[in-house]
Amino acid sequence: MQRLLVTGGAGFIGSHLVDALVDAGHEIIVLDDLSVGKRHNFAHHLGNARFQFVEGSVLDARLVGELIAQVDAIYHLAAVVGVKYIVDNPVRGMRVNIRGTENVLEAAQRTGAKVLVASSSEVYGKSTQVPFREEDNALLGATSVPRWSYALSKMLDEHLAFAYTRQTGLPTVAVRYFNAYGPRLDPKGYGSVIARFMTQALCGQPLSVYGDGLQTRSFTCVEDTVRGTIAAMMSDRGVGQAFNIGYPMEVTIVALADLVRDAVGTGVDVTYIPYERAFGTDFEEARRRCPDVSRARALLGFEASVSLSDGLPATVQWFKEHRDELNSA
Ligand code: UDP
């Protein structure tokens with residue numbers, strides 16, 4: 001049994017991670033400011049003596065230090081995410097994602113507790129050299145395009161973590177998530193395409209495909225995302241490295257729209273929305289995204305196993321059960 005801190009543990013991926021860690025018998029402290037995370041994502045653990053929730057921000061260095069002094073390792077997932085949110089709030093995005101990670105690493109260095117930093121496939125930027133290997137070059141756009149500030153903040157998080165490992169010996173590891181989906185995906189918060197399509201399909205509205213819909217993503221069932229995250233933390237072989245955590249199947253957004261319509265069982269239309277209308281004129285897209293998973297397979301013994309068609313039904317079920325909340329999304 002370990003004592004673990006999960007920052008962002010009330011969020012979508014974080015709460016699933018907490019479920020798995022509690023099930024594995026660990027003692028968990030969750031730190032979350034509930035800006036996007038939800039109480040009902042962890043309500044089922046309240047009353048469990050091995051679970052504690054602390055409402056607060058990773059920007060509160062004193063609080064972060066106090067909590068880290070009590071644990072063996074830290075899963076650092078607290079971050080500002082979501083392309084639309086970042087485009088609209090780039091200052092807050094960078095402040096939380098960079099300063100928050102610095103606070104975690106600085107405090108961990110005082111105790112030697114291992115830190116896992118949640119990064120993103122966004123760090124590959126607009127590279128189209130798929131599948132992406134962790135050592136590949138990234139291709140970020142100009143600083144006049146706010147989208148890339150998110151990629152850069154996550155890259156800087158990885159750099160910071162690995163710098164602590166090299167300079168101080170603090171064990172760190174980074175995981176690059178590829179478009180996770182599953183129950184609890186929040187249509188209002190992170191606003192991912194799957195949450196939006198599910199909401200639209202269940203409310204009888206057309207699915208909003210941005211651009212020509214031929215851009216691709218590799219959608220990863222959150223169960224796999226969590227297994228890969230724990231594998232990266234548990235292994236000593238990954239220290240000081242980043243790992244792609246994703247299901248290596250590239251899907252176009254129009255194909256996703258069809259899969260969602262089939263999974264929901266609806267005949268709603270698709271409507272094409274120009275990027276300029278969705279994000280403004282200074283927007284650039286990541287055209288393709290697919291992970292090379294050989295490093296995680298070789299070093300962590302981890303491979304995602306849930307295909308999109310196998311993973312969607314549980315997500316649809318969850319969205320159906322929460323239909324009332326969707327109407328206001
Ligand atoms: N997307 C879309 N319609 C939406 C929301 C997103 O077509 O209502 C597209 C978006 O342009 C991108 C893909 O779906 O190409 C994934 O978007 P998301 O925001 O989920 O994640 P990210 O861009 O960070 O991969």
Side-chain angles (χ1 to χ4, degrees), residues 11-13 36 79-90 93 97 118-128 130 132 138-141 145-155 176-182 184-203 205-222 225 244-247 249-261 264 268-280 282-291 308 311-312 315 319 326 329:
F12 163 56
I13 298 176
V36 179
V80 172
V81 298
V83 173
K84 178 72 182 143
Y85 187 86
I86 294 283
V87 166
D88 294 341
N89 303 274
N97 293 356
S119 181
S120 169
S121 49
E122 182 83 8
V123 299
Y124 295 102
K126 52 184 175 177
S127 167
T128 52
V130 296
F132 298 142
L139 183 60
L140 303 191
V145 180
R147 179 200 181 117
W148 304 120
S149 68
Y150 177 65
L152 204 62
S153 73
K154 284 292 170 187
M155 257 187 179
R176 295 179 178 167
Y177 294 143
F178 281 72
N179 296 74
Y181 69 93
R184 302 182 196 150
L185 196 54
D186 181 358
K188 285 181 237 176
Y190 161 48
S192 81
V193 65
I194 291 195
R196 285 175 55 81
F197 283 1
M198 293 261 168
T199 305
Q200 290 160 347
L202 286 168
C203 296
Q205 296 160 358
L207 307 190
S208 57
V209 171
Y210 296 159
D212 62 7
L214 297 178
Q215 68 272 36
T216 67
R217 292 294 183 270
S218 296
F219 296 97
T220 308
C221 180
V222 69
T225 307
N244 289 337
I245 301 295
Y247 189 79
M249 188 183 75
E250 239 184 308
V251 179
T252 64
I253 299 305
V254 272
L256 173 73
D258 281 339
L259 284 168
V260 169
R261 283 194 292 199
V264 171
V268 293
D269 288 337
V270 160
T271 174
Y272 289 85
I273 298 178
Y275 285 114
E276 305 82 77
R277 185 132 52 91
F279 298 105
D282 50 359
F283 181 76
E284 285 179 358
E285 173 67 303
R287 189 70 181 161
R288 294 181 66 183
R289 201 179 272 173
C290 186
L308 188 53
L312 278 180
T315 314
F319 273 81
L326 303 180

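In each ligand, atom 1 is the first atom listed, and ligand 1 is the first ligand listed.
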Proximal ligand 1 atoms for [X], defined as those under 4.0 Å from one of its heavy atoms:
X: V209; result: 7 (O)
X: Y275; result: 11 (O)
X: V83; result: 23 (O), 24 (O)
X: Q215; result: 9 (C), 11 (O), 15 (O)
X: S192; result: 20 (O)
X: R289; result: 22 (P), 24 (O), 25 (O)

Taking N or O atoms only and a 3.5 Å limit, does [X] qualify as a polar contact for ligand 1?
X: Q200; result: no
X: N179; result: yes
X: F279; result: no

May I ask you to decide if [Y]'s main-chain N or O and [X]'s side chain share a donor-acceptor pair within less than 3.5 Å?
X: T220; Y: T225; result: no
X: S127; Y: A138; result: no
X: D269; Y: P206; result: no
X: D186; Y: F12; result: no

So between V270, L185, V193, L214, whose heavy atom ends up nearest atom 20 (O) of ligand 1?
V193
Using heavy-atom distances only, which candidate in R288, R217, K84 approaches atom 23 (O) of ligand 1 most closely?
R217
Can we say K154 and E122 salt-bridge, meaning some charged N sits less than 4.0 Å from an Asp/Glu carboxylate O?
no
Do any heavy atoms of R147 fall under 4.0 Å from ligand 1?
yes
Nearest heavy-atom contact between V123 and A151 is CG1-O, 3.8 Å
Would you please classify the geometry between the Y210 ring and the F279 ring as parallel, tilted or perpendicular, with 30° and 60° separating the classes?
perpendicular
Are R176 and Y124 in a cation-pi setup, meaning NZ or CZ lies under 6.0 angstrom from the ring centre and within 45 degrees of the ring axis?
yes
